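Report on the following structure.
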Amino acid sequence: MKGLRRGLAAIGLFACFMGHAAAQSYAVGKCTDSHGQLDIVESVRHFPNGASDKVTQFVRPGFWGPKEVFDSIPDASGIHLAQIRSAAAGVAFWLARDGNLVATTLAGWQVVGSCTYQLAWAAQFPPPVYVPIPQTVPFDLGQDVLTTMPTVPAANGARIPMGIFQPGVFPGVPALMSLAEAEECVARAAGDRDELFLCGAEQAMGRRERAAVECVRSAGDDTTAAGLCLLGNQLPEGQRKPVQDVAECYQANGTNWSDYPLCMATKQADPQAARLINCARQQMQQGQQPDYWTLGYCAFGQAFFNPNAESAIAIQCAVATRGQPAPFVACAGGQLLYRELDKCLNDGIGGEDGCFGKNNSLTKAYDRIEEELRKALGAKSVAFQAWQVARLSMDPHQMAEAARQVRDELNRAIAKGDAALKEAGRDAKEWIDAATPDITVSTSGIKIEGVKVGQIGKGLKCCRL
């Protein structure tokens, strides 16, 4: 309290009240700092016109009376109980709700003492109530989100807002992984099968794909917690803070909605966070279970919530496999990637027979794809050349864009070509399908087809979405 002693003016002596008003003073608590004791004194002042008010002072007792007296006012923000007046520029002193005496400066804050006080006195200064600012939203927040927002079903039960995807077939991320990346994953996993497949998902598909698995895994059966976690990872960086704030409050308070204002008041939350809370609250109150899709579309609208095919496949596969890494890789990355990672555990890395070695199934598949594409489209085709460049880059998302170009051009070639060209085009599409999961969108529903074989590895069935 060294700064308090130097910086605060001893303004509020009891004698100054007596000239214009009678005062009754009560001790309502006490504090201890490095200079000794401070009494918390509340005075009720009665004025000649019949009016009255209350003031609280922090009094350091002396031998013949008060040694120092510091005025205070209620904290206007409601975060603390009181602000103790300071004459020192850039320094403020507070009585926090947890009983600490706190000094704040531009450089930060520190606890300089502790206090106890009567709860009846503190009740005069209630914490703030957070009132969301009304926002223009694409539907009435008071209505059922899923009845005012057309949705289509996914085979795993999710209701996906219809406006997010246009009808059609969209390829996901073709699985790409080098021998060096496989060696890194095996080293990181150190025999842990789950970590090997999580690392494989990250290397072959991307960081967000791994994050999708981890979100669903950590949330267990709570689709709302999983949805908030997924939103926090999938949205652009500038839009993540309100989602992460709401996720923290949801973890602490669950469906105790009356506790959210206080939780959000400590986070400097913006109206977007209130909108997201309202989306979750109203969907739950209407008997629905909010998830990534309904929360994202409700809170952000189609202008900002527009996941691409790759992220849609990853999220739906993560949910369908309940965050199990190996089935997720088979679902989102395809059977070939699954088989190679599984081989790493059983047959070692590289060489003639090990995973991602000379005879690995991914390399064979991509070699065959190039062969069939050259037959169907020609070596000078823009789509064929884009595929070759993307494959050399080892960038999975560049490969996804190349796969879209190839699929479009193959469809045109099949529609216009002769019998031989049509057959080559169909063969190329089959090989792309074997290496790349697809998402099919229609008015009747959304489905993902990434695994063409019912049995993967040792009897593992995966991923009917």
Side-chain angles (χ1 to χ4, degrees), residues 74-81 96-98 125-151 158-164 208 211-212 215-216 218-219 222-307 311 315:
D75 178 8
S77 74
I79 295 174
H80 303 300
L81 288 172
R97 291 187 180 276
D98 61 4
F125 316 113
V129 176
Y130 179 71
V131 180
I133 299 173
Q135 297 292 302
T136 301
V137 295
F139 48 82
D140 183 357
L141 282 177
Q143 296 179 7
D144 183 341
V145 171
L146 294 184
T147 60
T148 58
M149 179 173 61
T151 62
R159 303 289 306 185
I160 299 179
M162 187 179 293
I164 293 178
R208 290 185 178 181
C215 280
V216 176
S218 63
D222 191 336
T223 63
T224 302
L228 290 169
C229 180
L230 288 165
L231 278 173
N233 282 309
Q234 298 292 328
L235 286 170
E237 188 170 351
Q239 296 174 347
R240 292 177 189 172
K241 184 182 182 302
V243 179
Q244 292 165 347
D245 288 343
V246 173
E248 290 175 6
C249 288
Y250 178 76
Q251 184 177 15
N253 302 302
T255 58
N256 297 319
W257 306 111
S258 60
D259 293 336
Y260 278 70
L262 180 58
C263 181
M264 300 307 298
T266 65
K267 299 179 180 297
Q268 298 181 331
D270 64 17
Q272 188 68 63
R275 185 168 161 184
L276 183 56
I277 292 169
N278 277 335
C279 289
R281 175 179 61 82
Q282 287 160 13
Q283 289 176 52
M284 286 188 182
Q285 289 174 346
Q286 293 155 10
Q288 298 143 14
Q289 190 62 40
D291 61 13
Y292 167 80
W293 299 104
T294 58
L295 286 172
Y297 195 79
C298 171
F300 293 93
Q302 190 173 354
F304 296 102
F305 181 67
N306 49 2
S311 59
I315 288 163

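Predicted model, so just to flag it, every value in this text is computed and none were measured.
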At what distance, to the nearest 0.5 angstrom, does [atom1] of [X] lie from [atom2] of [Y]?
| X | Y | atom1 | atom2 | value |
| --- | --- | --- | --- | --- |
| Leu235 | Arg208 | CG | CZ | 8.0 Å |
| Leu228 | Leu276 | CG | CG | 5.5 Å |
| Cys279 | Met284 | SG | CE | 12.0 Å |
| Thr224 | Tyr292 | OG1 | OH | 15.0 Å |
| Ile315 | Leu231 | CD1 | CG | 8.0 Å |
| His80 | Asp98 | NE2 | CG | 8.5 Å |

List the atom of [X], the atom of [Y], and the distance in Å for their closest heavy-atom pair.
| X | Y | result |
| --- | --- | --- |
| Gln283 | Cys298 | NE2-CB, 4.1 Å |
| Ser218 | Cys215 | OG-O, 3.0 Å |
| Ala280 | Pro290 | O-CG, 3.7 Å |

For the pair [X] (side chain) and [Y] (backbone), establish whether a donor and an acceptor sit closer than 3.5 Å, ignoring hydrogens and angles.
| X | Y | answer |
| --- | --- | --- |
| Thr255 | Arg281 | no |
| Gln251 | Ala247 | no |
| Tyr260 | Gly254 | yes |

Worksheet item: Would Asn278 and Arg275 count as having a side-chain donor-acceptor pair, cut-off 3.5 Å?
Response: no
Worksheet entry | Results of side chain to side chain donor-acceptor pair (under 3.5 Å) for Asn253 - residues two or more places apart only | none
Practice prompt. Give the intermediate values and the outcome of side-chain contact (heavy atoms from CB on, under 4.5 Å) for residues Gln289 and Asp222.
Written response: CA-CA 9 Å; Gln289 190 62 40; Asp222 191 336; 4.1 Å; yes
Item to complete: Under the side-chain contact (heavy atoms from CB on, under 4.5 Å) rule, what do Leu295 and Val243 come out as? Steps first, then yes or no, please.
Response: CA-CA 10 Å; Leu295 286 172; Val243 179; over 6 Å; no
Worksheet entry | Intermediate values then yes/no, side-chain contact (heavy atoms from CB on, under 4.5 Å), Cys229 and Asn233 | CA-CA 6 Å; Cys229 180; Asn233 282 309; 3.8 Å; yes
